[in-house]
S.K.: 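The structure under discussion is supplied below as structure tokens; questions concerning it will follow.
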Amino acid sequence: KYVLRDPVTQQYAANIRGGSNNYSYTFSAAYDKTLGELQNKAQKLNIRSESIFRPAKNLQISFGTYYTHNKSISGHTAFNSITIGGRPVPYYRLADEEGNPLPIDITYRSSYTDTAGGGKLLDWKYYPLEEAKRSRQTITRQELFAYAGIQYRVFPFLNIDLKYQYQEQQSVADRINDPESYVARSSINSFSQLNRNTGVIKYIVPLGGTRVLANSKIASNTIRGQMNLNKTLGDHAVIAILGGEIREAKSNSDEHTIYGYTTDPMKTSQVDFVNTYPDFISGSYAYIGGYPSFRQTLNRFVSFFGNASYTFNRKYSVSASGRRDGANIFGVNTNEKWKPLWSVGAGWKISEEPFYNFPVLP
């Protein structure tokens, strides 16, 4: 769907479009790679292919595929995204005269972090210039769209369509926070338990970095059949469609956080997601965030529809439409799972009447 809206790709596709009266095809591809001013990176690949066969006089077969792949890598923190107390600060220094990174009090005041834990805690300060080196996120998204269709013309005024469509979307997000990152240091300090008498500190969240993994996938299958009628006989004209559609969509997602993560050597540590532990500052008990979560949904849809209109002498027309949609997500009761919809209408094209002659309102 992205390729069709890209004028450059459309022109390229037009250059390689080929075929004959019984067969035609289109193939196109596009690749983009960008580097932002904050050292963030992105790349995108689009591929499109379509073919149409006409093996018989009244028979047409078509199929096509669209594929999109996106990958983005985070860079430096945007200047206007840093807030203090929930409010943006117009001026602050990121480095001193010698270029050394300076901290910013985004969560806790320096007067507190300088003395909290009597020097036993990890550095609890946030350094914007260092975070891009310590935290990075990679997001990969891809989508596959494929379809196939058969159209048969029974009579010049009547044809039958049968179409199948498959669509799949996948997304993978991977964020790594090194042990020196603010996210890792803050999570460790927040659940640290310090014995004021002995000076011994116990780490509920293990030393090391964190890695957050999130995956999602949705796939759908759709089948649609439709009959199309378009008949004109003298002053009478009838246009009608009749069809049905079934669709199934299944989605899966999962997310979890790994603690004590280091890349060289690669290792992880176990944490207790079940019990609560006191917060170092407030003392209130809380769960360690990032426990594994999984979700799966399966939705099915069924639709039957029809629409017809009759026009006489190109002036007077009446129309009617109706459809009934069913899904496993409409309510709980059986009689609420089907939703009927209908409409009727009439029209009069008064400008076709001999007596109507008003140039101001044609």
Side-chain angles (χ1 to χ4, degrees), residues 35-41 72-139 173-196 199-213 257-264 267-269 271 277-290:
L35 177 63
E37 66 275 8
L38 298 175
Q39 300 301 311
N40 52 306
K41 303 175 183 179
S72 61
I73 302 175
S74 62
H76 291 282
T77 304
F79 185 81
N80 58 0
S81 67
I82 301 175
T83 59
I84 299 177
R87 295 176 296 178
V89 179
Y91 305 102
Y92 52 78
R93 299 182 63 189
L94 299 179
D96 59 17
E97 290 79 2
E98 298 180 357
N100 299 313
L102 293 176
I104 296 178
D105 301 339
I106 61 172
T107 307
Y108 309 112
R109 293 188 179 95
S110 297
S111 57
Y112 174 78
T113 57
D114 288 339
T115 59
K120 299 293 183 178
L121 299 177
L122 302 178
D123 184 1
W124 215 335
K125 299 181 184 298
Y126 176 76
Y127 301 87
L129 289 182
E130 291 292 308
E131 280 305 298
K133 305 174 185 177
R134 308 304 181 189
S135 297
R136 55 201 174 278
Q137 178 172 264
T138 302
I139 299 178
D174 185 0
R175 184 172 189 87
I176 298 178
N177 301 298
D178 292 345
E180 297 81 10
S181 67
Y182 177 77
V183 172
R185 290 182 282 111
S186 181
S187 62
I188 294 172
N189 287 341
S190 295
F191 287 97
S192 295
Q193 297 180 355
L194 175 63
N195 190 320
R196 303 286 180 176
V200 177
I201 190 167
K202 180 181 179 181
Y203 296 108
I204 303 301
V205 174
L207 295 173
T210 64
R211 184 173 185 177
V212 183
L213 297 171
T257 301
I258 302 171
Y259 288 92
Y261 181 83
T262 58
T263 55
D264 190 13
K267 68 180 184 69
T268 62
S269 301
V271 296
Y277 295 92
D279 181 79
F280 185 86
I281 298 177
S282 65
S284 59
Y285 280 75
Y287 291 98
I288 299 175

S.K.: Is a salt bridge present between Arg136 and Asp178, judged by a nitrogen-to-oxygen distance below 4.0 Å?
M.R.: yes
S.K.: For the atom pair CZ (Arg175) and CD1 (Ile139), what is the distance rounded to the nearest 0.5 Å?
M.R.: 9.0 Å
S.K.: Does a side-chain heavy-atom distance below 4.5 Å link Pro179 with Thr262?
M.R.: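 Side-chain contact under 4.5 Å: yes.
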S.K.: Kindly assign one of parallel, tilted or perpendicular to the pair Trp124 and Tyr112, based on the angle between their ring planes and the thresholds 30° and 60°.
M.R.: tilted
S.K.: With no hydrogens and no angle check, do the side chains of Ser110 and Asp105 hold a donor and an acceptor under 3.5 Å apart?
M.R.: yes
S.K.: Verify salt bridge (charged side-chain N to carboxylate O under 4.0 Å, His left out) between Asp114 and Lys125, making sure each step is shown before the conclusion.
M.R.: CA-CA 9 Å; Asp114 288 339; Lys125 299 181 184 298; 2.8 Å; yes
S.K.: Can you see which heavy atom on Arg196 is nearest to which on Gly117, and at what distance?
M.R.: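 It is NH1-CA, 4.2 Å.
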S.K.: I want to check something: taking the side chain as every heavy atom from C-beta on, are Asn40 and Ser72 in contact at a cut-off of under 4.5 Å?
M.R.: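 A side-chain contact is absent here, since even the closest heavy-atom pair is not under 4.5 Å.
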S.K.: Verify the distance criterion only: is there a donor paired with an acceptor across the side chains of Thr210 and Asn177 at less than 3.5 Å?
M.R.: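 Asn177 and Thr210 do have a side-chain donor-acceptor pair below 3.5 Å.
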S.K.: Whether the Tyr261 and Ser269 side chains hold a donor-acceptor pair (N or O, under 3.5 Å, no angle test) is what I'd like checked.
M.R.: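 No donor-acceptor contact under 3.5 Å links the two side chains.
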S.K.: Taking only residues two or more places apart in sequence, or in another chain, which ones meet Tyr287 in a side-chain contact (heavy atoms from CB on, under 4.5 Å)?
M.R.: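 Testing Tyr287 for side-chain contact (heavy atoms from CB on, under 4.5 Å), a comparison that skips the adjacent residues, returns Thr276.
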S.K.: So how far is it from Arg211 CZ to Tyr259 OH, rounded to the nearest 0.5 Å?
M.R.: 15.0 Å
S.K.: Rounded to the nearest 0.5 Å, how far does NE2 of His76 lie from CG of Leu94?
M.R.: 11.0 Å
S.K.: Which heavy atom of Tyr108 sits nearest a heavy atom of Thr113, and at what distance?
M.R.: CB-CG2, 3.7 Å
S.K.: I'd like to check Val212 versus Ile258 (side-chain heavy atoms, cut-off strictly below 4.5 Å). Are they in contact?
M.R.: no
S.K.: Is the backbone of Tyr182 close enough, under 3.5 Å, to the side chain of Glu131 for a donor and an acceptor to pair up by distance?
M.R.: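 Judged by distance alone, yes, a pair lies under 3.5 Å.
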S.K.: Is there a donor-acceptor pair closer than 3.5 Å between any side-chain N or O of Ser187 and the backbone N or O of Ala184?
M.R.: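 Flag set: sc Ser187 to bb Ala184 pair under 3.5 Å.
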S.K.: Test of understanding: with side-chain contact (heavy atoms from CB on, under 4.5 Å), list the residues that count as partners of Lys41, not counting sequence neighbours.
M.R.: Leu35, Ile73
S.K.: Quick check: closest heavy atoms across Pro278 and Tyr285, and the distance to 0.1 Å?
M.R.: CD-CE2, 3.5 Å
S.K.: Determine the minimum heavy-atom distance between Leu121 and Ala116, stating which atoms define it.
M.R.: CD1-O, 3.8 Å
S.K.: Is there side-chain contact between Ser192 and Tyr203, with at least one heavy-atom pair below 4.5 Å?
M.R.: yes
S.K.: Between the side chain of Arg185 and the main-chain N/O of Glu180, is any donor-acceptor distance below 3.5 Å?
M.R.: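 Yes, Arg185 side chain to Glu180 backbone: donor-acceptor pair under 3.5 Å.
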S.K.: Quick one: are Phe191 and Ile288 in side-chain contact, heavy atoms under 4.5 Å?
M.R.: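 They are in side-chain contact.
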S.K.: Grab the two heavy atoms, one from Ile176 and one from Asp174, that are nearest each other, plus how far apart they are.
M.R.: CG1-OD1, 3.8 Å
S.K.: Side chains of Ile201 and Asn195, heavy atoms from C-beta outward: is any pair under 4.5 Å?
M.R.: no
S.K.: Is there side-chain contact between Asp279 and Ser190, with at least one heavy-atom pair below 4.5 Å?
M.R.: yes
S.K.: Do the side chains of Glu130 and Lys133 get close enough for a salt bridge, i.e. N-O under 4.0 angstrom?
M.R.: yes
S.K.: Could you report the tightest heavy-atom contact between Leu102 and Tyr127, atom names first, then the distance?
M.R.: C-CD2, 3.8 Å
S.K.: Between Thr83 (side chain only) and Pro88 (backbone N and O only), is there a donor and an acceptor less than 3.5 Å apart?
M.R.: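 Flag not set: sc Thr83 to bb Pro88 has no pair under 3.5 Å.
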